[in-house]
Amino acid sequence: MADLAKTDELFYHRTGLDRTRVEALVDDTLAGADDGELFLEYSQSESVSYDDGRVRNAAFDSSQGFGLRTVCDDAAGYAHAGDLSEAAMKRAADAVRAVKHGYSGTLAAPPPGTNAALYADVNPIATLGFDAKVQLLEAIDRYARAKDERVKQVSASIAGEWRAVQIVRAGGERAADIRPLVRLNVSVVVGKGDRMESGSYGAGGRADYRAYIDPDFWRGAVDEALRQALVNLESEPAPAGEMTVVLGPGWPGVLLHEAVGHGLEGDFNRKKTSAFAGLMGERVAAPGVTVVDDGTMPDRRGSLTIDDEGTPTGRTVLIEDGILKGYMQDRMNARLMGMAPTGNGRRQSYAHAPMPRMTNTVMLSGDKAPEEILASVDNGIYAVNFGGGQVDITNGKFVFSCTEAYKVESGKIGAPIKGATLIGNGPDALTKVAMIGNDMALDDGIGTCGKDGQGVPVGVGQPTLRIDGLTVGGTG
């Protein structure tokens, strides 16, 4: 495999590590354990941000390191270091062997191999020079200010990452992946009188910069950020109370991700701390609601050829026509629950142990036209974009703030509103889905998911949805 050859160059030839000796150390460390691996990583990352007419921040980072893990039943020993040397690995092995004291297990079979190629073998950092990045951000600033005299501030940033990983298991089993990732963000502040409002747009994926530096693309990004800001400039206080809420397609799927997705991760269900624990095969959502986690979508921000344990990612059906069908699993939780790994074992970096995490989590389309859904609402709101939110995994309770929303009266979209928050319970909200649009869309590639202090890139998506009886916290 090309990835193995490239990562061998990074982790053995350049560092002077002897592959045979490393594999022998892994064999010895994992003897008598149920599972475990050596995770090798080399990464480069960069970012340039432009604000108020000048470069505010420019950063570049290069790092390398390893993480060594031993798993015995539900206990795990993990050690890591930024020193890719045999001496450091031996010290790590001494530490993680402690979890095997008095324990004797049978090592689990390694993950199956894959020849999938979900993203191009490119290093985005090497494809665009620093001066070109600055010129792009300057052009974004000029274009935004020339579009409307109400523009008061423009912020833009571009970021890229190139990450190479290799997973080594007992018996010399190896898997490798090389992962590009880029992102472009634009934020615009507009003002009228004493009032100031903002709008933003971001996009990214596992590719190089070419698509994002195309003038047609970045001008469209500025236009969208400016449109949102101008909409918010005319907004009025949001109503409050229990009402019908229509969620737009695409990025509003972040509510699904947070309020439902985390509750379907294997560790929470094995420990029975999820609101969905013990409900496999039972109805947990309205008929027509189908939710999948799909890490195999080409070039998507949340996609991975293999997860961080070496398991090929897949398309996991979580909820099908309202019935709970599956959980997202890493190897340890899958083994303890008597299930198969789903390719959802992820980690932020070599300094973190893997755990079950989402990739691209989406609700599939239904059969209703978006216009029909909106026309069915007598009194409610239409939520198009979201900002931050909070969720309690144990009971599914959530609070999300809307960054773009509108009143809906007698089936018509009305005035934009400001300060709307959606308050509810994820499992309960799924049962209140009354209409599902035929317009499923994915987000534009900006999601980062946090869990137990680790952040990983993810994707979300959904069609237009009508949810009845959701509580809206407003300012009016």
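With rounding to the nearest 0.5 Å, the separation of CZ in R150 from CG in L233 is 6.5 Å. If you take CG on L364 and CD on Q462, they are separated by 11.5 Å, rounding to the nearest 0.5 Å. A distance of 8.5 Å separates CG of N425 from NZ of K432, quoted to the nearest 0.5 Å. A distance of 10.5 Å separates CD of E197 from CG of L230, quoted to the nearest 0.5 Å. Going from atom CZ of R56 over to atom OH of Y50 covers 10.5 Å, rounded to the nearest 0.5 Å. Distance check, rounded to the nearest 0.5 Å: OG of S45 to CZ of R163 gives 8.0 Å.
A salt bridge is defined here as a Lys NZ or Arg NE, NH1 or NH2 lying under 4.0 Å from an Asp or Glu carboxylate O, and D52 with R54 fails to meet this definition. Electrostatic pairing of R145 and D141 counts as a salt bridge here, judged by a charged N lying under 4.0 Å from a carboxylate O. Ion pairing between a basic and an acidic side chain is recognised when a charged N comes within 4.0 Å of a carboxylate O; E404 and R227 show such pairing. The pair R300-D443 meets the salt-bridge criterion, since a charged nitrogen lies less than 4.0 angstrom from a carboxylate oxygen. Salt bridge present: E309 and R69 bring a charged side-chain N and a carboxylate O closer than 4.0 Å. Contact check on D121 versus K6 returns a salt bridge, with a Lys/Arg side-chain nitrogen under 4.0 Å from an Asp/Glu carboxylate oxygen. Residues K407 and E409 are not paired through a salt bridge, judged by the lack of any N-O separation under 4.0 Å between the basic side chain and the carboxylate.
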Trace of the side chain to side chain donor-acceptor pair (under 3.5 Å) decision for Y119 with D177: CA-CA 10 Å; Y119 22 85; D177 198 16; 2.6 Å; yes

For salt bridge (charged side-chain N to carboxylate O under 4.0 Å, His left out), just list the numbers for R331 and D307, CA-CA rounded to whole Å, side-chain angles, deciding distance to a tenth of an Å, and then say yes or no. CA-CA 10 Å; R331 285 173 60 89; D307 72 4; over 6 Å; no

Under the side chain to side chain contact (heavy atoms under 4.5 Å, CB included) rule, what do N385 and W251 come out as? Steps first, then yes or no, please. CA-CA 7 Å; N385 274 304; W251 177 243; 3.9 Å; yes

Tell me, with the steps shown, if Q166 and D3 meet side chain to side chain donor-acceptor pair (under 3.5 Å). CA-CA 9 Å; Q166 187 176 125; D3 288 345; over 6 Å; no

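Remark: R14 qualifies as a cation-pi partner of Y42 under the 6.0 Å distance and 45° angle criteria applied to the six-membered ring.
Checking T342, N344, T316 one by one against D293, the side chain to side chain donor-acceptor pair (under 3.5 Å) holds for a single residue, N344. Considering V460, L247, L430 in turn, L430 is the only one that fulfils the side-chain contact (heavy atoms from CB on, under 4.5 Å) rule with L256. Among the candidates V246, I467, I373, the single residue satisfying the side-chain contact (heavy atoms from CB on, under 4.5 Å) test with M435 is I373.
Under 3.5 Å, the side chains of R301 and T448 contain a donor-acceptor pair of N or O atoms. Using modelled atom types, one finds a donor on one side chain and an acceptor on the other under 3.5 Å when comparing S303 with N360. Residues D223 and Y201 bring no donor and acceptor atom of their side chains to less than 3.5 Å of each other.
Between R357 and R347 there is no side-chain heavy-atom pair separated by less than 4.5 Å. The closest side-chain heavy-atom distance from M196 to Q153 is not below 4.5 Å. With contacts defined as side-chain heavy-atom distances shorter than 4.5 Å, the pair L422/F386 qualifies. D148 places none of its side-chain heavy atoms less than 4.5 Å from the side chain of V190.
Residue R210 places its CZ atom among 12 or fewer non-hydrogen atoms of other residues, nucleotides or ligands, all under 6.0 Å distant. The 12-atom threshold is exceeded at CZ of R195, counting heavy atoms of other residues, nucleotides or ligands nearer than 6.0 Å. Counting heavy-atom neighbours within 6.0 Å of K397 NZ, excluding the residue itself, gives a total of 12 or less.
In this structure, the ring of F217 has its center less than 6.0 angstrom from the ring center of Y212.
A donor-acceptor pair under 3.5 Å is formed between the side chain of T15 and the backbone N or O of F11. A side-chain donor-acceptor contact under 3.5 Å links Q454 to the backbone of A353. No donor-acceptor pair closer than 3.5 Å links the side chain of Y350 to the backbone N or O of S63. A distance-only check finds no donor-acceptor pair linking the side chain of S157 to the backbone of S49 [under 3.5 Å]. A donor-acceptor contact shorter than 3.5 Å is absent between the side chain of R206 and the backbone of R179.
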